[in-house]
Each structure stands twice: as structure tokens, then as C-alpha cells.
Undergrad: 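I have a structure I would like to understand better, so I am pasting it below and will then ask my questions one at a time.
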Number of protein chains: 2
Amino acid sequence: MNNEQVDQVLIALRRIIRAIDLHSKKLVQQYGVTGPQALVLKRIIDYKEVPAGILARDVNLSQATVTSILDRLERHDYVQRIPSQDDKRKVLVRATPAAVKIFENAPPLLQEEFISAYKKLENWEQNLILSTLQRIASMMDAKEIEASPFLTIRDATE
Amino acid sequence: MNNEQVDQVLIALRRIIRAIDLHSKKLVQQYGVTGPQALVLKRIIDYKEVPAGILARDVNLSQATVTSILDRLERHDYVQRIPSQDDKRKVLVRATPAAVKIFENAPPLLQEEFISAYKKLENWEQNLILSTLQRIASMMDAKEIEASPFLTIRDATE
DNA sequence: AAATATTGCTTCGTATACGAATAATATTTT
DNA sequence: AAAATATTATTCGTATACGAAGCAATATTT
């Protein structure tokens, strides 16, 4: 019964996820990078030079995912991987001039329609949207933090 | 300037997307189906028998995606594909008893922590969350409707 | 110093997720 | 009725996205 509403929440989220994905496909046509690539690349440019792991933390993606995004960025000559000197496990990532150029045109990380609509909202409305999203996010990933340490302790052997 | 807030919106959305994805991986271990599979499967069970295209509309996924989800559901013997008699382009999908069984244990389509927290909220708060999400969704996919050729007419038709 | 653990990144396997192209069937137009 | 158009599902190619396992380098313990 109340489940119906939860289902609706999920459907709304799926709509949002899909919209973001479709935007990503448009980005790649207009700017040559997908949404996740743009997100990562923007971060790299801000840092000038940054280890891959820090990137993953920052953009909330797993290392494995970031590695594959970097692969493609490297293939397109948007980034360089430089083995770190002080810690040879680390790989430092740097953006190329070509990548910087892309961001001169400020590719919109979300659909422009959304951005302009959002900016037109009253301040309290913007805050409401953002805080609602953050609240949902913490309702969803709170568990992770609490649950994961405990679940792994007992298998000391592994 | 105001872009900062938009970026924060994106980060919050990414957190949510990731949480949903991680939940999906937990679902498959506990119930044998992933999140999207469960979503689709639930719909199929409700319908008893339904063409693949209707499913795609309902759950907000492309046909191509639904096809691949159905492939896996079929491989695990959770659904059957039955060629439609009256329209041979259509493929009707039906859930098997094994699939029905899974839903007897009511696999949570979102993380249980979220669901229980959500249900504890006051009614007006639940409505606020849902309507905020729906609003974001329509701010994001509104463009689609304008941009795509034939969806503009649809108001009265379907 | 040697053994062990941890860290940082990559590789592998699996599952979304999409558009474009394709194939088969229906519907509409001529 | 034949031709043109539209609809339905699949196939193909690409890009996320993750955990687990692997590997090499570093840190910690013994």
C-alpha cells in the first residue's frame, strides 16, 4: 500500500537517471566527451595533476570505473598518465591542452533546460530541491557506512 | 557562481545513482535478481502477460535495454517469451512460478533503510520528496518532448 | 631482514543503458 | 492490391558501473 509511493519514488529516480544518460549522449556529440568523462575531466583540470584514486573519491565513482573513463580520455588525448615519482603505485593524471579547450565552451554537466529552469527558481525553492536530494542520498547510503565494516570482520582468514 | 549549486545537485544525484546501483548488487546476491530485473519482473507479474514495449514505457527504459534484461531473465527461467498471435511483431512476456516465488519475499526495490526511513516520515514530507523528484524529472526531460518529433501530439492520443 | 599487510591501480567478468540499424509485421496511402 | 510508412522487438557497438582478483610498490609487524 504505502509501497506504491516508494515505487513512484523509484520511477521518478529512473526518469532522472535516464535524462542524465540521454544528456550524456548529447554531450559527446557536441563536445566530444560524455557526462562522466566531462565530470572527471573538469576535476582533473582543477587539480592540474591528481592521483586517480583521489578523483574516484571526488566524483563518487569506484576506482575501476575511473580507470576505464581514464582509458578513454587517454585514447582521445584528453589526459596523460604520469607514473608518480615518490610513490610508484600512484598514477598522476594531467589534462592536455585539447581538454582545456573543451571547457572553454563550458559544456553543461546537466541539461541546459534544467539548469536554466533551476536558476529561475526562487532561492528557497532551489534550496529545497538540493536539500531534498541530499537527504535522499543520505537516506540511501547511510547504511553502507554502518554496515560494511561489521560484515567483513568475522572472516579474518580471508 | 550559481553553477556551484547546480554542481551540487549533480553530485547529490550521482550519490543517489550509485546507492541504487550498489543496492542492485546486493539484491542479486540475496534474491537472484538485480534492481532493474526486479523492477521489470514485478511489472510483468502485475500484468500477467505484457508486450515488451509496454514494459519499457512503464519502467522508463529503452526497448533495447528491456530486451537485454529480458534475455537474462529468460536465461534464468524467470520469464517466458510468447510470440503474440494477433500481432506477430509483438512478443508477450510472462513470469514463471520461480519468479513469482521471488516476490513472495518482497525484495526491496530500494534499500530497506531508505524505505523504512521514508515510511516513518510525515505524510506531507513523503509527498514533498516525491513531488520534488517528479519535478526534477520533468525539468530534465521536458526538452525531450519538445525536441522529439512525434511526442508533442501525444496529450490526447494515448 | 623477512614476513605480512596494505595501498593504488589495472584487468576481468557481468549487468545496465542507449541510439542506430535491422528484420518482421501492420497500417496507411496511392 | 501494391507501395510507402509505421511499429515492435532484436542485434550491434559503445560507454558506464561495480566487485573481485591480480600485481606491484610501500608500509608495518615480527
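Labels below follow one simple rule: chain letters A, B, ... track the order of the sequence lines, proteins then strands, and each chain is numbered from 1. Hydrogens, waters and symmetry mates are skipped; everything else that's a heavy atom, side chains included, is used.
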Undergrad: Need one value for B:Ile69: base, sugar-phosphate or nothing, where a base atom within 4.0 Å counts as base even if backbone is also close, heavy atoms only.
TA: sugar-phosphate
Undergrad: What is the separation between atom CG on B:Leu13 and atom C1' on D:dT16, rounded to the nearest whole Å?
TA: 16 Å
Undergrad: Using whole Å, what does the distance between atom P of nucleotide C:dA15 and atom NZ of B:Lys26 come to?
TA: 19 Å
Undergrad: Answer yes or no: is there a side-chain heavy-atom contact under 4.5 Å between B:Ile136 and A:Thr132?
TA: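 With C-beta onward as the side chain, the pair stays apart.
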Undergrad: Take A:Ile20 and A:Leu110, measure what side chain to side chain contact (heavy atoms under 4.5 Å, CB included) needs, and give me the verdict at the end.
TA: CA-CA 7 Å; A:Ile20 290 175; A:Leu110 285 172; 4.1 Å; yes
Undergrad: I'd like to compare against my own output: the B/S/- annotation of nucleotides 1-13 of chain C with a strict under-4.0 Å heavy-atom distance to protein.
TA: -----BBSBBB--
Undergrad: What integer distance in Å separates A:Ile17:CD1 from D:dA17:C1'?
TA: 12 Å
Undergrad: Find the distance B:Asp21:CG to D:dG19:P and express it as a whole number of Å.
TA: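 Distance check: B:Asp21 CG to D:dG19 P gives 8 Å.
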Undergrad: Before giving the answer on side-chain hydrogen bond (donor to acceptor under 3.5 Å, both in side chains), spell out for B:Gln5 and A:Tyr118 the whole-Å C-alpha distance, their side-chain angles and the decisive distance to 0.1 Å.
TA: CA-CA 10 Å; B:Gln5 249 212 340; A:Tyr118 183 84; 3.0 Å; yes
Undergrad: Please report, rounded to the nearest Å, how far the C1' atom of D:dC18 is from the CG atom of A:Asp141.
TA: 16 Å
Undergrad: Whole angstrom is fine here: how far is it from CD in B:Gln37 over to P in C:dA15?
TA: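 Rounded to whole Å, this separation is 7 Å.
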Undergrad: Would you indicate, yes or no, if D:dA17 has its OP1 or OP2 atom less than 4.0 angstrom from a side-chain nitrogen or oxygen of A:Thr65?
TA: no
Undergrad: Distance check needed: C:dA17 P versus B:Leu61 CG, whole Å only.
TA: 6 Å
Undergrad: Which nucleotide in the list D:dG19, D:dA15, D:dA17 gets nearest to the side chain of B:Leu22?
TA: D:dG19
Undergrad: For D:dT14 and A:Arg72 - does any side-chain N or O of the residue sit under 4.0 Å from the phosphate oxygens OP1/OP2?
TA: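 False: A:Arg72 side-chain N/O out of range (4.0 Å or more) of D:dT14 OP1/OP2.
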Undergrad: Mind calculating the distance between CG (B:Leu27) and P (D:dA17) to the nearest angstrom?
TA: 19 Å
Undergrad: Answer yes or no: is there a donor N or O on one side and an acceptor on the other, between the side chain of A:Gln111 and the main chain of A:Ala19, under 3.5 Å?
TA: yes
Undergrad: Decide whether B:Arg135 and B:Ser131 meet the rule of one side-chain donor and one side-chain acceptor closer than 3.5 Å.
TA: no
Undergrad: May I ask which nucleotide in the shown strands pairs with D:dT8, Watson-Crick or G-U wobble, both distances under 3.5 Å?
TA: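 Across any shown strand, D:dT8 pairs with C:dA23.
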Undergrad: How does the hydrophobic cluster around A:Val91 look, that is, which other residues are in it when side-chain heavy atoms under 4.5 Å mark a link?
TA: none
Undergrad: Are B:Asp21 and B:Arg14 within salt-bridge range, i.e. N to O under 4.0 Å?
TA: no
Undergrad: At less than 4.0 Å, is any side-chain N or O atom of B:Arg14 found next to OP1 or OP2 of D:dA17? Yes or no.
TA: yes
